2 protein chains.
Amino acid sequence: MTTPESRWGRRGHQARSVVTQDLILDAAEELFGERGIDATSVVDVAERADRSIGSLYHHFDTKELLVHAVVDRLIDGIQTEIDDFFAPNRWEGRPALHIVRGYLRGTLGLDRSRPGYKRIGRELSMMDAETLSRYRGLRQRTGDGLRSLLLTRKDEFGHPDPKTGVRLVADMCTAMVAARVDRDTTPTQLSRLSDEKFVTAMLEAVAAILQIDPED
Amino acid sequence: MTTPESRWGRRGHQARSVVTQDLILDAAEELFGERGIDATSVVDVAERADRSIGSLYHHFDTKELLVHAVVDRLIDGIQTEIDDFFAPNRWEGRPALHIVRGYLRGTLGLDRSRPGYKRIGRELSMMDAETLSRYRGLRQRTGDGLRSLLLTRKDEFGHPDPKTGVRLVADMCTAMVAARVDRDTTPTQLSRLSDEKFVTAMLEAVAAILQIDPED
DNA sequence: ATTATCTATAGATCTATAGATAATGC
DNA sequence: ATTATCTATAGATCTATAGATAATGC
């Protein structure tokens, strides 16, 4: 697992620097996700990374910088997955409902594989305007991508106003996945279903809204 | 604004106790909502309430107890509004879409009038299992109430399986309102619309899913 | 020679208490 | 006489630094 270089700037001159920095970033991401950023001390992070506090500060000048390094790494990873999803030709010849299914599975998996992502983003967004706008940008681009991709399949829809229909469907998918992943405060009945049954139920609703004949 | 007595127990023996306790609870609710619980010191709270730290500790033994007092007051207030919404005869003679409209407007207003509610609940739920289950219970009862209320109107639906349809619709309303209120991390296109237009768009989707003729 | 690591600790907060002073109400 | 308030401060964390020791790589 190599870490992409980002704003914070990797500063190692020896091979072990990379190892230590990765260990620290991994430990920080875990702990921030489990307990929250504020509740995690830099000493906690150093301990889980099996390094001393002095070593940690040799690589990251402040706690704030460490937090940003963790966030940068998270965002870079997610952006890569999103780019992959919207790669040209990826959905060639597939109907709208396949795209929606891929989107639902993808966004569910994305949050599952990064347990701390939501929590860290939320906590940091409360104080840091730049992180907030980066998180928003990520969501924005994802939504835009999904909408324009679906609109290329508008001939499949019976809905009189495809643009409005697609906008609603995209929002609904985003909101429902968010509610499903963030089970703490927004419990829904669909949360009790397995991922696959959840996706199936959503596809039925999407078909009803866009007025697609579900045939597959 | 009288505060309902809750678990934490009001302990005043003089008239000014009530005033001070209310001032402290108001200040705490504001600050916890603005900056978060962790980032707010008890001295901050005392200052905004125009009382000394000694006075604060005379009324609330620990910061944890103060936090719980704030949460209790929030939950009690919300429960009251929910009871009001589901009061018998409240929706007599009104069609399903009116109920959904009332629900959407109500839940939107509920979060708007208590800016800190979501944030406080989320932060506290991360560490305190009891608060988590109380928040969940609130949402659970609301969802149950909405579903059973809507099911009494099932003759209006063309949907072949009203129970499934209603479950989906209730979840969708909850998730979409949550996404709209929590604009930080879950931006949606519908967030750009006014509350009224958002409600209208939602009602169209609900009508499509349940297969209701929108006539009103 | 340079870079990375460690231990020990200074300095800044933040929660909570002690003890003195002021206000209330039987 | 009892309750509420205030000021001052003890004790617990937590971030960040200083300075000594160990490992790396030209």
Side-chain angles (χ1 to χ4, degrees), chain A residues 3 5 8-32 34-71 120 123-124 127-128, chain B residues 3 5 8-32 34-71 120 123-124 127-128:
Chain A
T3 311
E5 320 269 325
W8 64 282
R10 215 173 253 287
R11 35 165 63 164
H13 295 81
Q14 292 182 9
R16 51 184 180 155
S17 286
V18 181
V19 176
T20 296
Q21 286 169 8
D22 281 344
L23 283 173
I24 290 173
L25 288 172
D26 289 345
E29 185 178 322
E30 279 174 37
L31 286 167
F32 293 163
E34 288 167 20
R35 312 179 192 167
I37 299 170
D38 264 13
T40 302
S41 78
V42 284
V43 174
D44 293 336
V45 175
E47 267 172 13
R48 183 166 296 196
D50 267 314
R51 290 295 182 279
S52 72
I53 180 63
S55 182
L56 187 150
Y57 271 98
H58 176 72
H59 293 286
F60 302 92
D61 282 349
T62 62
K63 181 181 182 181
E64 199 184 337
L65 233 149
L66 171 61
V67 173
H68 278 98
V70 169
V71 169
I120 294 172
E123 195 175 346
L124 191 58
M127 26 194 193
D128 177 46
Chain B
T3 311
E5 320 268 326
W8 63 282
R10 219 173 249 288
R11 34 166 62 166
H13 294 81
Q14 292 183 10
R16 53 185 178 153
S17 286
V18 182
V19 175
T20 295
Q21 285 168 9
D22 281 344
L23 284 172
I24 290 172
L25 288 171
D26 290 345
E29 185 178 322
E30 279 175 37
L31 287 167
F32 292 163
E34 288 166 20
R35 311 178 194 169
I37 299 170
D38 264 13
T40 302
S41 78
V42 284
V43 174
D44 292 337
V45 175
E47 266 171 15
R48 182 167 296 196
D50 266 315
R51 290 296 183 278
S52 71
I53 181 62
S55 182
L56 187 151
Y57 271 99
H58 176 73
H59 293 287
F60 302 93
D61 282 349
T62 62
K63 182 181 181 180
E64 198 184 339
L65 233 149
L66 170 62
V67 172
H68 278 97
V70 169
V71 169
I120 294 172
E123 194 174 346
L124 192 57
M127 27 193 193
D128 177 47

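Numbered from 1 within each chain, the chains take letters A, B, ... in sequence-line order. Computed from a predicted structure; not experimentally measured. The basis for the numbers below is simple: all heavy atoms, side chains too, and nothing from hydrogens, waters or symmetry mates.
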Peer 1: Can you name the side chain to side chain donor-acceptor pair (under 3.5 Å) partners of A:E64, sequence neighbours left out?
Peer 2: none
Peer 1: Check side chain to side chain donor-acceptor pair (under 3.5 Å) between A:T62 and all other residues, then give those that pass, not counting sequence neighbours.
Peer 2: none
Peer 1: Kindly write out the residues that satisfy salt bridge (charged side-chain N to carboxylate O under 4.0 Å, His left out) with B:E34, not counting sequence neighbours, or none if the list is empty.
Peer 2: B:R48
Peer 1: Taking Watson-Crick and G-U wobble pairs with both distances under 3.5 Å, convert DNA chain D into its dot-bracket string, 5' to 3', dots for unpaired and | for cross-strand pairs.
Peer 2: ||||||||||||||||||||||||..
Peer 1: Under the side chain to side chain donor-acceptor pair (under 3.5 Å) rule, collect the residues that match up with A:D38, sequence neighbours excluded.
Peer 2: none
Peer 1: Under a criterion of less than 4.0 angstrom to any heavy atom of chain A, what are the 5'-terminal and 3'-terminal contacting nucleotides of DNA chain D?
Peer 2: D:dC14 to D:dG25
Peer 1: With sequence neighbours left out, write down each residue that passes side-chain contact (heavy atoms from CB on, under 4.5 Å) with A:S52, or none if nothing qualifies.
Peer 2: A:S55
Peer 1: Can you list everything that forms a ring-ring contact (aromatic ring centres under 6.0 Å, His included) with B:F32? Sequence neighbours excluded, please.
Peer 2: none
Peer 1: I want to confirm an ordering. Mapping B:R16 and B:K63 to their closest nucleotides on DNA chain C, which one lands closer to the 5' end?
Peer 2: B:K63
Peer 1: So, using salt bridge (charged side-chain N to carboxylate O under 4.0 Å, His left out) as the criterion, who are the partners of A:D50 when residues are at least two apart?
Peer 2: none
Peer 1: Checking A:A46 now: which residues fulfil side-chain contact (heavy atoms from CB on, under 4.5 Å) with it, not counting sequence neighbours?
Peer 2: A:L56
Peer 1: In residues 34-47 of chain B, what residues come within less than 4.0 Å of DNA chain D, judged by heavy atoms?
Peer 2: none
Peer 1: Say you draw a straight line from OG1 of B:T20 to CZ of B:F60; how long is it, rounded to the nearest 0.5 Å?
Peer 2: 9.5 Å
Peer 1: Quick one: list whatever passes salt bridge (charged side-chain N to carboxylate O under 4.0 Å, His left out) with A:D128, sequence neighbours left out.
Peer 2: none
